[in-house]
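Scope of the values below: all heavy atoms of this structure, side chains included, with no hydrogens, waters or symmetry mates.
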Amino acid sequence: IPINYNDVGRVTLHGQLSLPANGNDPAKLLVGSSDSFVVKPYTLFVSEALTPTGGSNPAATSTAGVAAGFVAGGSPFQVKVEARKFPGTAITDITPNFGREDTSESSIKLTAANLVYPSSGTLAALSGGTSFSATTPTGTWVNTAVTWDQVGSITILPELADNDYLSAGDLQIKTPSGTIGRFYPDHFSLISSIVT
């Protein structure tokens with residue numbers, strides 16, 4: 001029996017079949033249940049990266065065509081993550097049961113996945129990438145205290161913190177974000193000077 005469950009969690013199927021009386025056989029009701037099984041999210045998806053005031057992510061690598069950068073390196077920004085079912089490509093793929101388990105499975109971690117710009121730069125680690133709370137729509141989680149202590153543009157990767165959903169293993173697909181940036185210097189400091 002092909003089954004497509006459009007959410008996540010631990011599931012048990014129950015079935016019944018009514019058999020009418022037939023000759024000397026009386027009417028019967030057959031009932032049965034399956035063993036429980038786990039349906040995992042297909043992927044975690046970064047739906048938005050925003051400034052602390054809710055400004056949008058330019059997703060840029062330079063100032064060309066962009067009036068301003070994203071945030072200063074080391075400044076907090078917010079990231080929204082959605083738990084999605086297959087194929088994981090649209091907002092309609094959100095799984096609203098994610099995080100509502102008896103013991104919540106909403107522990108999400110973010111890591112810096114790829115340095116987009118500058119090509120000769122260094123991919124530094126993210127900070128504060130594990131403190132998520134539920135937001136709307138249901139199945140969406142937000143972290144308002146993510147920081148990246150560098151300049152340039154990056155992609156980030158959302159993952160389950162323990163790489164395991166209800167003891168059924170890791171997600172099927174790990175989906176990196178689109179470009180986040182440009183992060184720019186907060187300020188410059190004069191470290192030496194000379195007058196001739």
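Two residues are said to be in side-chain contact when any heavy atoms from C-beta on lie closer than 4.5 Å; Val79 and Ile156 meet this criterion. Residues Thr140 and Thr136 have side chains not in contact (no heavy-atom distance under 4.5 Å, counting atoms from C-beta outward). Within the 4.5 Å cutoff, no side-chain heavy atoms of Lys109 are placed close to those of Leu160. Proximity of Val146 to Leu126: side-chain heavy atoms (C-beta onward) are separated by under 4.5 Å at one or more points. The side-chain heavy atoms of Ile154 and Asn114, taken from C-beta on, include no pair separated by under 4.5 Å. The side-chain heavy atoms of Asn163 and Lys174, taken from C-beta on, include a pair separated by under 4.5 Å. For the pair Phe45 and Asp93, the minimum side-chain heavy-atom distance is 4.5 Å or more. Counting only heavy atoms from C-beta outward, the side chains of Ser47 and Ile91 never approach each other to under 4.5 Å.
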Point to revise | Residues Leu44, Leu157; criterion side chain to side chain contact (heavy atoms under 4.5 Å, CB included); working and verdict | key: CA-CA 9 Å; Leu44 294 177; Leu157 185 68; over 6 Å; no

Exercise for review: I would like to know whether Arg84 and Thr95 meet side chain to side chain contact (heavy atoms under 4.5 Å, CB included); could you show each step before the answer?
Suggested key: CA-CA 5 Å; Arg84 290 187 173 183; Thr95 56; 5.8 Å; no

Point to revise | side chain to side chain contact (heavy atoms under 4.5 Å, CB included) between Leu29 and Leu17, intermediate numbers included | key: CA-CA 6 Å; Leu29 178 65; Leu17 174 64; over 6 Å; no

Point to revise | Derivation of the side chain to side chain donor-acceptor pair (under 3.5 Å) call for Thr175 and Thr43 | key: CA-CA 7 Å; Thr175 306; Thr43 192; 2.6 Å; yes

Exercise for review: Please assess Tyr5 against Asn97 for the test side chain to side chain contact (heavy atoms under 4.5 Å, CB included), listing each intermediate value before the final yes or no.
Suggested key: CA-CA 12 Å; Tyr5 185 63; Asn97 279 344; 3.7 Å; yes

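Relative orientation of the Tyr165 and Phe98 rings is parallel, given thresholds of 30° and 60° on the angle between their planes.
Rounding to the nearest 0.5 Å places OG1 of Thr51 at 7.0 Å from CD of Gln78. Interatomic distance, Ser33 OG to His14 NE2, rounded to the nearest 0.5 Å: 4.5 Å. One distance of note links CZ of Arg100 with CG of Asp7; it measures 8.5 Å at 0.5 Å rounding. Note that OG of Ser131 is 11.0 Å distant from CD1 of Ile108, once rounded to the nearest 0.5 Å. To the nearest 0.5 Å, the span separating CZ on Phe86 from OH on Tyr42 amounts to 5.5 Å. Here CH2 of Trp148 is found 11.5 Å from OG of Ser127. Values are rounded to the nearest 0.5 Å.
In this structure, Val38 and Arg10 approach most closely via the heavy-atom pair CG2-NH1, 3.4 Å. The shortest non-hydrogen separation linking Ser153 to Thr179 is CB-CG2, 3.8 Å. When all heavy atoms are compared, the tightest approach of Ala112 to Ala124 is CB-O, 3.4 Å.
Environment of CG in Asp102: sparse, with no more than 12 heavy atoms of neighbouring residues, nucleotides or ligands closer than 6.0 Å.
For the residue pair Ser177/Thr155, the side-chain donor-acceptor check at 3.5 Å is not satisfied.
Between Tyr184 and Phe70, the gap from one ring centroid to the other reaches at least 6.0 Å.
The main-chain N or O of Gly169 is found under 3.5 Å from a side-chain atom of Asp164 such that the two form a donor-acceptor pair.
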